[in-house]
Amino acid sequence: VIRSDHCSDEMKERIEGEYPMKKWIGRMAVLLAFVLTLSGSTLAAFGKIPSATKEFYVNDYANILSTETENYIVSKSQNLEKQTGAQIVVVTVENLEGEDLESYATALFREFGIGDEEEDNGLLLLLALEERESRVEVGYGLEGILPDGKTGRFQDQYMIPYFKDDNFDEGMLNGYKAFYQDCLLY
């Protein structure tokens with residue numbers, strides 16, 4: 001029988017069973033952090049996240065936006081980036097490929113590289129047609145002018161009423177205009 005009162009502290013921990021448990025918990029925490037970090041990259045790697053189109057600012061994979069709306073968004077977004085450095089990107093998709101809205105939006109935001117890497121001043125407007133869900137993803141650099149409460153109000157006021165009537169083009173355009181005006185203040 002080994003008596004723990006005659007051993008080093010490390011040996012005591014091993015004998016009493018604390019050390020292996022602490023080590024296991026630490027390893028699991030590192031593994032969990034790694035998995036969460038890769039979740040967006042994994043979506044992209046398995047082809048669930050589309051690549052940005054050549055227009056970048058408008059990616060209408062659900063084919064619901066008019067040419068006029070697309071041209072307006074591209075023109076205004078180019079102007080916004082020149083004036084402030086901020087970027088607004090609109091993405092419509094047929095569906096979320098079985099993913100939840102938040103994970104899909106985060107993966108899109110990262111995969112597209114929306115906003116300046118250092119400033120983190122990007123804004124994503126996402127609409128998933130089949131799920132009838134929309135999300136606004138805001139980079140940390142824009143959170144001062146676009147906090148969660150405000151982005152929710154903009155969706156409720158400018159976008160969702162039109163989406164409910166299947167007028168996705170007008171809803172996205174109205175929402176875009178509201179966000180654009182605030183991003184000019186950046």
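Everything numeric here is computed off the predicted structure, so don't read it as measured data.
- Atom CZ of F109 is separated from atom CZ of R135 by 11.0 Å, given to the nearest 0.5 angstrom.
- One side chain, N167 or E170, offers a donor N or O that lies under 3.5 Å from an acceptor on the other.
- Taking all atoms of both residues into account, the shortest heavy-atom contact from A62 to L129 is CB-CD2, 4.2 Å.
- Between F168 and F163, the two ring planes are tilted [angle within 30° to 60°].
- Judged by the 6.0 Å distance and 45° axis criteria, K150 is not positioned over the aromatic ring of F179.
- No option in E99, E97, E111 other than E99 meets the salt bridge (charged side-chain N to carboxylate O under 4.0 Å, His left out) test with K48.
- Here the shortest heavy-atom pairing between E137 and A105 reads OE1-CB, 3.8 Å.
- Without hydrogens or angle criteria, S75 side chain to Y72 main chain gives no donor-acceptor distance under 3.5 Å.
- M172 is listed as a side-chain neighbour of V90, based on a closest heavy-atom distance under 4.5 Å.
- The existence of a salt bridge linking D166 and R132 is confirmed by a sub-4.0 Å separation between a basic side-chain nitrogen and an acidic carboxylate oxygen.
- Looking at heavy atoms from C-beta onward, E119 lies out of side-chain contact with Y140 at the 4.5 angstrom threshold.
- Taking a 6.0 Å sphere around CD of E102, one finds it holds 12 or fewer heavy atoms contributed by other residues, nucleotides or ligands.
- Dense packing is recorded around CD of E130, with more than 12 heavy atoms of other residues, nucleotides or ligands lying under 6.0 Å away.
- Within the 4.5 Å cutoff, side-chain heavy atoms of L146 are placed close to those of C183.
- Side-chain contact between L142 and I145 is present, with heavy atoms from C-beta onward closer than 4.5 Å.
- Contact check for L123 versus V136: side-chain heavy atoms found under the 4.5 Å cut-off.
- Closest non-hydrogen pair, A86 versus Y186, comes out as CB-CD2, 4.0 Å.
- Residues F154 and A178 come closest through the heavy atom pair CE2-O, 3.6 Å.
- With Y104 as the fixed residue, the side-chain contact (heavy atoms from CB on, under 4.5 Å) test singles out one of N95, V93, V91: V93.
- Side-chain contact between L65 and V58 is present, with heavy atoms from C-beta onward closer than 4.5 Å.
- Between the side chains of T151 and D148, no donor-acceptor pair of N or O atoms lies under 3.5 Å.
- A distance of 9.0 Å separates OG1 of T53 from CG of D60, quoted to the nearest 0.5 Å.
- Atom NZ of K177 and atom CG of D182 lie 15.0 Å apart (nearest 0.5 Å).
- Taking the six-membered ring for Trp and thresholds of 30 and 60 degrees, Y176 and Y180 have nearly parallel ring planes, at less than 30 degrees apart.
- For the residue pair S66 and T69, a side-chain donor N or O sits within less than 3.5 Å of a side-chain acceptor on the partner.
- Contact detail for Y158 and Y162: the closest heavy-atom pair is O-CD1, 3.3 Å.
- Counting heavy atoms from C-beta outward, Q83 and L184 have side chains that approach closer than 4.5 Å.
- Side-chain N/O atoms of Q155 and S134 include a donor and acceptor closer than 3.5 Å.
- The closest side-chain heavy-atom distance from L126 to L101 is below 4.5 Å.
- In this structure, CD in E133 is found 9.0 Å from CG in D100, a value given to the nearest 0.5 Å.
- To the nearest 0.5 angstrom, I114 atom CD1 is 7.0 Å from L108 atom CG.
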Given R110 and T106, is the side-chain contact (heavy atoms from CB on, under 4.5 Å) satisfied, shown in steps? CA-CA 6 Å; R110 289 181 182 155; T106 300; 3.7 Å; yes
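- Residues G113 and Q87 come closest through the heavy atom pair O-OE1, 3.8 Å.
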Step-by-step side chain to side chain donor-acceptor pair (under 3.5 Å) determination, E55 to N59: CA-CA 7 Å; E55 286 84 16; N59 301 270; over 6 Å; no
